[in-house]
Amino acid sequence: MTHFSFLQLVVALSAYISAVRLAVISRLTSANPPSNPESAKWFLVLLIPADAPLVVAGILLALDVFWLDMFQSSTPAALYTVAVWCFMFAVVVLAIHHLVAWINSLVNHSPW
């Protein structure tokens with residue numbers, strides 16, 4: 001994967017998280033709010049640990065991709081390395097979110 005393709009992936013994931021956040025906020029402020037608004041508010045807070053590292057990774061990858069054009073010098077290797085670590089952290093947090101959602105679905109919505 002090229003660094004630019006990686007940047008595209010990070011931006012797409014961050015945009016997805018933003019869309020989820022906007023949907024939850026829209027539901028909270030609608031005429032028909034959720035039955036448990038505190039749960040939705042906590043969900044919004046718990047999105048931050050996944051979204052923030054993606055934003056940092058995106059900034060670092062953008063610098064990595066465009067460094068030569070902006071500064072006419074070689075790109076510091078640390079930019080890409082830190083971006084990968086931020087991305088991996090965000091992926092682990094998102095995986096934990098999915099795991100919790102699956103368990104919640106099984107416990108609260110299972111037909112058994």
Side-chain angles (χ1 to χ4, degrees):
M1 174 181 290
T2 67
H3 292 206
F4 188 71
S5 296
F6 189 30
L7 174 60
Q8 291 172 322
L9 174 64
V10 168
V11 169
L13 278 174
S14 188
Y16 168 73
I17 292 172
S18 292
V20 169
R21 179 185 317 281
L22 286 174
V24 172
I25 290 171
S26 175
R27 181 72 195 276
L28 280 170
T29 59
S30 72
N32 184 20
S35 59
N36 187 356
E38 288 304 311
S39 176
K41 290 176 184 178
W42 269 110
F43 179 77
L44 290 173
V45 169
L46 293 173
L47 282 177
I48 295 169
D51 196 23
L54 284 174
V55 171
V56 171
I59 291 168
L60 293 174
L61 284 168
L63 283 171
D64 178 67
V65 168
F66 299 111
W67 188 273
L68 182 62
D69 294 330
M70 292 187 309
F71 302 112
Q72 274 69 49
S73 65
S74 61
T75 305
L79 289 177
Y80 187 76
T81 302
V82 175
V84 169
W85 280 103
C86 287
F87 176 78
M88 292 308 299
F89 179 80
V91 166
V92 168
V93 172
L94 288 172
I96 292 168
H97 278 289
H98 278 72
L99 181 63
V100 168
W102 294 336
I103 292 169
N104 185 32
S105 295
L106 285 173
V107 169
N108 297 323
H109 306 291
S110 177
W112 306 302

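- Using a 4.5 Å heavy-atom cutoff, the side chains of L46 and V100 are not in contact.
- Looking at heavy atoms from C-beta onward, R21 lies in side-chain contact with I48 at the 4.5 angstrom threshold.
- Both L79 and F71 are assigned to one and the same hydrophobic cluster, defined by single-linkage of ILVMFWY side chains at heavy-atom distances under 4.5 Å.
- No more than 12 heavy atoms of other residues, nucleotides or ligands lie within 6.0 Å of CZ in F89, so this atom counts as exposed by the packing criterion.
- Note: the hydrophobic cluster containing V11 also contains V91 (ILVMFWY, side chain heavy atoms under 4.5 Å, direct or indirect links).
- By the 30° and 60° cut-offs, the orientation of the rings of W102 relative to H98 is perpendicular.
- Atom NE2 of H109 has more than 12 neighbouring heavy atoms from other residues, nucleotides or ligands inside a 6.0 Å radius.
- Across all non-hydrogen atoms, the minimal contact from L28 to A40 is CD2-CB, 3.8 Å.
- Judged by distance alone, the side chain of S30 and the main-chain N or O of R27 form a donor-acceptor pair under 3.5 Å.
- Note on W85: it does not cluster hydrophobically with V55, by side-chain heavy-atom contacts below 4.5 Å among ILVMFWY residues.
- Remark: side-chain polar atoms of S26 are not paired, donor with acceptor, to backbone N or O of L22 under 3.5 angstrom.
- Contact detail for P76 and W67: the closest heavy-atom pair is CD-CE2, 3.5 Å.
- F6 has its side chain within reach of V84: a pair of non-hydrogen atoms, C-beta onward, lies under 4.5 Å apart.
- S73 and L68 make their closest contact through O-CD1, 3.6 Å (heavy atoms, listed as atom of the first residue, atom of the second, distance).
- No chain of hydrophobic side-chain contacts below 4.5 Å, direct or via other Ile, Leu, Val, Met, Phe, Trp or Tyr residues, connects I96 to L47.
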Worked check of side-chain contact (heavy atoms from CB on, under 4.5 Å) between L61 and Y80 = CA-CA 6 Å; L61 284 168; Y80 187 76; 3.7 Å; yes
In sequence, state the C-alpha distance, the side-chain angles, and the governing distance for F87 and L13, and then conclude on side-chain contact (heavy atoms from CB on, under 4.5 Å).
-> CA-CA 10 Å; F87 176 78; L13 278 174; 3.6 Å; yes
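- For A90 against A50, the heavy-atom pair with the smallest separation is CB-O, 3.4 Å.
- Placement of Y16 and V24 within a single hydrophobic cluster is found when ILVMFWY residues are connected by side-chain heavy-atom separations under 4.5 Å, directly or transitively.
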Verify side-chain contact (heavy atoms from CB on, under 4.5 Å) between F66 and F4, making sure each step is shown before the conclusion.
-> CA-CA 9 Å; F66 299 111; F4 188 71; 4.3 Å; yes
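- M1 contributes atom CE, which lies 5.5 Å from atom CG of L9 (distance to the nearest 0.5 angstrom).
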Given L7 and D64, is the side-chain contact (heavy atoms from CB on, under 4.5 Å) satisfied, shown in steps?
-> CA-CA 9 Å; L7 174 60; D64 178 67; over 6 Å; no
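- At a threshold of 4.5 Å between non-hydrogen side-chain atoms, the residues V45 and W42 count as touching.
- Here the side chains of F43 and V20 are in contact, with some heavy-atom distance below 4.5 Å.
- Judged by distance alone, the side chain of S14 and the main-chain N or O of V10 form no donor-acceptor pair under 3.5 Å.
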